[in-house]
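Residue numbers begin at 1 in each chain, while the letters A, B, ... track the order of the sequences.
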Number of protein chains: 2
Amino acid sequence: MHSLNNLIIEFYDKLSSWEQSVVKDTGYSLAQVHTIEVLGSHGPMRMKELADRLGITTGTLTVQIEKLVNLGLVNRAAHEDDRRSILVGLTSEGTKLHAHHNRMHIELTKDITRNLDQHSIDVLKTCFEKMNREF
Amino acid sequence: MHSLNNLIIEFYDKLSSWEQSVVKDTGYSLAQVHTIEVLGSHGPMRMKELADRLGITTGTLTVQIEKLVNLGLVNRAAHEDDRRSILVGLTSEGTKLHAHHNRMHIELTKDITRNLDQHSIDVLKTCFEKMNREF
DNA sequence: GAGAATTATTTGATAATCAAACTAAGATGT
DNA sequence: ACATCTTAGTTTGATTATCAAATAATTCTC
């Protein structure tokens with residue numbers, strides 16, 4: 001159990017470093033790219049939901065989104081059913097950035113699984129599915 | 001490949017959230033606990049090496065370490081061979097905090113692997129070993 | 001419909017971060 | 001040896017990220 005724990009921590013740390021270096025190349029901040037990632041993979045959502053997913057307060061998010069809107073990556077739209085809320089989503093420019101970032105992720109996944117046979121990959125997927133469910 | 005990529009990202013995000021909530025309970029900041037984690041698992045090291053591992057500049061680290069020293073979690077010692085360098089390491093108080101945090105990590109690992117049989121765990125370990133090597 | 005809860009923004013304060021300048025010490029090349 | 005180049009850590013000044021609390025608008029509940 002200890003060894004698996006250490007492997008997970010090492011994996012997490014290396015993924016963190018990778019993300020940091022990839023983000024640095026874009027010229028945007030880590031927080032900004034993370035916001036783009038969440039909006040890109042889950043679609044438009046309300047401020048509250050986005051803040052929860054990012055683990056920050058809505059106050060912090062308000063100023064973040066303001067900047068991303070000014071950068072032309074994100075837009076705000078009225079929420080149909082709830083006039084207190086707004087829906088934030090990606091502009092076409094934001095979508096392009098997300099697609100690029102996602103391609104990098106897929107490249108990385110391809111690279112690090114280079115030496116895994118098909119059976120291992122199948123087991124690995126199942127393990128991730130089960131682990132993700134238990135959080 | 002796409003599905004594995006998404007599973008990895010989901011795993012990473014959930015681990016992030018978990019870490020954030022666990023750290024919040026300690027009363028220390030994420031950056032502080034991360035520093036303690038690195039020092040705890042790798043032992044005392046020089047500022048430069050620590051900064052590299054944390055992905056921050058030495059300038060940032062200097063003020064971080066100053067705070068951790070004042071909190072009694074970290075100490076500085078002279079480097080034997082290189083008088084430009086100092087070795088930063090955990091105090092007994094810092095070691096205690098690291099041990100506690102590590103126990104939480106092990107608990108988590110135990111929890112999320114609850115539904116995995118022995119064969120899957122063995123494969124999973126091998127996969128992590130191979131993937132960690134490829135970063 | 002009155003009171004409670006939720007959503008987003010604003011504000012004021014603090015913490016984290018970087019780049020660049022600086023000091024001290026080691027490494028290198030001739 | 002010694003001048004130069006590199007490396008390690010600190011300091012400084014500016015920027016960015018963050019939170020908690022106050023506020024305003026809207027929705028929910030009873």
Side-chain angles (χ1 to χ4, degrees), chain A residues 16-17 19-39 42-71 73-89, chain B residues 16-17 19-39 42-71 73-89:
Chain A
S16 268
S17 300
E19 180 81 8
Q20 211 154 16
S21 79
V22 165
V23 163
K24 178 169 277 181
D25 295 341
T26 67
Y28 299 109
S29 76
L30 192 60
Q32 286 176 330
V33 173
H34 197 192
T35 303
I36 300 296
E37 266 189 288
V38 171
L39 289 177
H42 293 92
M45 64 183 73
R46 300 190 293 182
M47 293 289 287
K48 185 60 167 53
E49 184 180 357
L50 183 53
D52 287 346
R53 282 189 191 274
L54 294 171
I56 58 179
T57 64
T58 56
T60 300
L61 186 59
T62 294
V63 327
Q64 286 249 356
I65 292 298
E66 183 63 26
K67 274 182 218 150
L68 289 172
V69 168
N70 290 336
L71 287 167
L73 298 173
V74 161
N75 55 30
R76 297 184 242 227
H79 191 291
E80 293 193 341
D81 309 329
D82 188 341
R83 289 194 299 167
R84 292 169 305 180
S85 291
I86 61 174
L87 283 176
V88 289
Chain B
S16 269
S17 300
E19 180 82 5
Q20 212 154 16
S21 79
V22 164
V23 164
K24 179 169 276 182
D25 294 341
T26 67
Y28 299 108
S29 75
L30 193 59
Q32 287 175 330
V33 173
H34 197 193
T35 304
I36 300 296
E37 267 189 288
V38 171
L39 289 177
H42 293 91
M45 64 183 73
R46 301 189 295 183
M47 294 289 287
K48 185 60 166 52
E49 183 181 355
L50 184 53
D52 287 346
R53 281 189 193 275
L54 294 170
I56 59 179
T57 64
T58 55
T60 301
L61 186 59
T62 294
V63 324
Q64 286 252 354
I65 291 298
E66 183 62 26
K67 273 183 220 150
L68 289 173
V69 168
N70 289 336
L71 287 168
L73 298 173
V74 162
N75 56 32
R76 298 185 242 226
H79 190 290
E80 293 193 343
D81 308 330
D82 189 341
R83 288 194 300 163
R84 292 170 305 180
S85 291
I86 61 175
L87 283 177
V88 288

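Contacts between residues 53-61 of chain B and DNA chain D, defined by a heavy-atom separation below 4.0 Å, involve B:Thr58, B:Gly59, listed by number.
In this structure the side chain of B:Glu37 reaches within 4.5 angstrom of the side chain of B:His34, judged on heavy atoms. Residues A:Met45 and A:Arg53 form a side-chain contact, since some pair of their non-hydrogen atoms from C-beta on lies under 4.5 Å apart. Inter-residue side-chain proximity for A:Arg46 and A:Leu87 is flagged as met; some heavy-atom pair is nearer than 4.5 Å. Using a 4.5 Å heavy-atom threshold, the side chains of B:Arg76 and B:Glu66 count as touching.
When rounded to the nearest whole Å, the span between CD1 of A:Ile65 and C1' of D:dA17 equals 14 Å. Counting to the nearest Å, the P atom of C:dT7 and the CE atom of A:Met45 are 14 Å from each other. With rounding to whole Å, B:Met47 atom CE is found 18 Å from D:dT7 atom P. To the nearest angstrom, C1' of C:dA8 lies 13 Å from CG of A:Leu87. To the nearest angstrom, C1' of D:dT10 lies 15 Å from CG of B:Leu50. Atom CD in A:Glu80 sits roughly 17 Å away from atom C1' in D:dT27 (whole-Å rounding). For the pair A:Arg83 CZ and D:dT27 P, the computed distance is 5 Å after rounding to whole Å. Following rounding to the nearest Å, B:Glu66 (CD) and C:dA15 (P) show an atom-to-atom distance of 14 Å.
Between A:Val63 and A:Gln20, it is A:Val63 whose nearest contact on DNA chain C lies nearer the 5' terminus. Both A:Gln32 and A:Asp81 sit near DNA chain D, but only A:Gln32 has its closest nucleotide nearer the 5' end.
Checking the phosphate oxygens (OP1, OP2) of D:dT18, a side-chain nitrogen or oxygen of A:Gln64 falls inside 4.0 Å. A sub-4.0 Å separation between OP1 or OP2 of C:dT7 and a side-chain N or O of A:Arg46 is present. Between A:Arg76 and C:dT9 there is a side-chain polar atom (N or O) within less than 4.0 angstrom of OP1 or OP2. Dashed line: the shortest gap from a side-chain N or O of B:Ser85 to OP1 or OP2 of D:dG9 is under 4.0 Å.
Note that the CD1 atom of A:Ile86 and the CD1 atom of A:Ile65 stand 7.5 Å from one another [nearest 0.5 Å]. Atom-to-atom distance recorded for B:Met47:CE and B:Thr62:OG1 is 3.5 Å, nearest 0.5 angstrom. Rounding to the nearest 0.5 angstrom, the gap separating the CG atom in B:Leu54 from the OG1 atom in B:Thr35 is 4.5 Å.
Here the closest non-hydrogen pair linking A:Leu71 and A:Tyr28 is CD1-CE2, 4.0 Å. Contact record, B:Gly55 with A:Gln20: O-NE2, 3.7 Å, taken as the closest heavy-atom pair. The shortest heavy-atom contact between B:Ala31 and B:Gln64 is CB-NE2, 3.4 Å.
Among the heavy atoms of the strands lying under 4.0 Å from A:Lys67 are primed sugar atoms or P, OP1, OP2 only; no base atom is included.
Inter-axis angle, ends of the helix from C:dG1-D:dC30 to C:dT30-D:dA1, five pairs per end, rounded to 10 degrees: 40°.
Listed candidates were D:dG9, D:dT18, C:dT9. Nearest to the side chain of B:Ile86 is D:dG9.
Scanning atom types as modelled, one donor and one acceptor separated by under 3.5 angstrom connect the side chain of A:Arg84 and the base of C:dT6.
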